[in-house]
Amino acid sequence: MGWIRAFPSLLQRLEKARPATDLGTPVVEQLATAVLLNERQTERPDALRQLRSQRDALRQALTEQLPDLHAPQPAGGVTLWATFREPISSRLAAIAPDYGVTIAAGPRFGIGGAFERHIRLPYTLPSSQLTEAVRRLTQAQLALSQGATGAHDPAPVA
């Protein structure tokens, strides 16, 4: 069981390729999934409104506290990508825990140092927590610009 979010052209190609590569999903599991998805449909409009509100609160806090950070409105999903002028996301992610916030640096989502100017920010928390997280991120960026390297123990690598 799973889902795919993609452009319609890719979905059509996958739909055509599936019969040749898939042995089929068990019917009972397909039916259970359909029932569960249909039950959740009534909750979706409220959840979408809440996510939009949280997204807007995050973008507003970024605009106010980190005006040099470019954070375009995402087309969907639960995260936004923000872009710094300088390639600092890994160093910022390394010291951010000293300020009580954890971020995902861009290179986690690419290879060969790609996306070093980017951070990925989820907006699934309440607006007040998002605003506070941006405040802390701002403190971390300021410290980084002043030469801070971090004082916390590194997280274990899985």
Side-chain angles (χ1 to χ4, degrees), residues 1-15 17 33 36-158:
M1 296 296 149
W3 58 273
I4 298 173
R5 184 179 198 152
F7 289 106
S9 60
L10 177 57
L11 292 173
Q12 290 168 354
R13 289 190 353 239
L14 289 170
E15 184 179 28
T33 300
L36 290 171
L37 288 173
N38 286 333
E39 285 178 2
R40 304 289 292 189
Q41 290 300 315
T42 57
E43 298 173 23
R44 188 169 182 196
D46 291 338
L48 289 175
R49 272 191 292 281
Q50 181 178 354
L51 281 171
R52 286 183 189 119
S53 173
Q54 291 165 193
R55 176 203 62 206
D56 294 345
L58 176 59
R59 290 187 70 230
Q60 181 66 33
L62 291 169
T63 298
E64 291 172 1
Q65 298 182 48
L66 291 167
D68 290 340
L69 188 69
H70 178 63
Q73 182 167 307
V78 294
T79 62
L80 63 81
W81 282 89
T83 307
F84 291 99
R85 290 184 180 175
E86 302 294 325
I88 64 167
S89 69
S90 292
R91 290 182 293 136
L92 185 59
I95 72 163
D98 290 343
Y99 298 87
V101 66
T102 302
I103 60 169
R108 290 188 95 169
F109 304 96
I111 58 171
F115 310 121
E116 187 57 61
R117 294 178 190 269
H118 305 276
I119 56 173
R120 183 175 179 239
L121 300 171
Y123 46 87
T124 54
L125 294 173
S127 297
S128 61
Q129 289 181 15
L130 294 170
T131 301
E132 176 63 18
V134 171
R135 186 188 69 75
R136 292 174 184 216
L137 184 62
T138 302
Q139 291 176 332
Q141 186 196 20
L142 178 61
L144 182 66
S145 71
Q146 295 172 346
T149 57
H152 68 283
D153 291 329
V157 177

Residue pair His118, Thr83: steps toward the side-chain hydrogen bond (donor to acceptor under 3.5 Å, both in side chains) verdict: CA-CA 4 Å; His118 305 276; Thr83 307; 2.9 Å; yes
Check the pair Arg117 / Ile88 against side chain to side chain contact (heavy atoms under 4.5 Å, CB included), numbers first and verdict last. CA-CA 6 Å; Arg117 294 178 190 269; Ile88 64 167; over 6 Å; no
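Scanning all heavy atoms of the two residues, the minimum distance from Thr131 to Gln65 falls at O-NE2, 3.8 Å. Nearest heavy atoms, Leu121 versus Ala82: CD1-CB, 4.3 Å. In terms of heavy atoms, Phe109 sits closest to Ala104 at CE1-CB, 3.7 Å. Taking every heavy atom of both residues into account, Pro107 and Ser89 meet most closely at CD-OG, 3.4 Å.
Annotation: the span from Ser53 atom OG to Leu58 atom CG amounts to 11.5 Å, rounded to 0.5 Å. Thr63 OG1 to Asp68 CG: the interatomic distance, rounded to the nearest 0.5 Å, is 11.5 Å. Here the straight-line distance linking atom CD1 of Ile103 with atom CD of Gln141 works out to 9.5 Å at 0.5 Å rounding. The distance from atom CG of Leu48 to atom CZ of Arg55, rounded to the nearest 0.5 Å, is 10.0 Å. Taking OG1 of Thr149 as the reference point, atom CG of Leu144 lies at 9.5 Å (rounded to 0.5 Å). The line from CD1 of Ile119 to CG of Leu69 is 5.5 Å long, rounded to the nearest 0.5 Å.
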Output a table of donor-acceptor pairs, distance under 3.5 Å, between side-chain atoms of residues 70-81 and any protein atom two or more places apart or on a different chain; print 'none' if there are none.
{"unit_1": "Gln73", "atom_1": "OE1", "unit_2": "Arg59", "atom_2": "NH1", "d": "3.2"}

Side-chain donor-acceptor pairs under 3.5 Å in residues 90-97, sequence neighbours left out?
{"unit_1": "Ser90", "atom_1": "OG", "unit_2": "Glu116", "atom_2": "OE1", "d": "2.8"}
{"unit_1": "Ser90", "atom_1": "OG", "unit_2": "Glu116", "atom_2": "OE2", "d": "3.3"}

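Counting heavy atoms from C-beta on, the side chains of Tyr99 and Leu137 never come closer than 4.5 Å. Using a 4.5 Å heavy-atom cutoff, the side chains of Tyr123 and Leu51 are in contact. Proximity of Val134 to Thr138: side-chain heavy atoms (C-beta onward) are separated by under 4.5 Å at one or more points.
Applying the side chain to side chain donor-acceptor pair (under 3.5 Å) rule to Thr102 yields no partners; only residues at least two apart in sequence or on another chain are considered.
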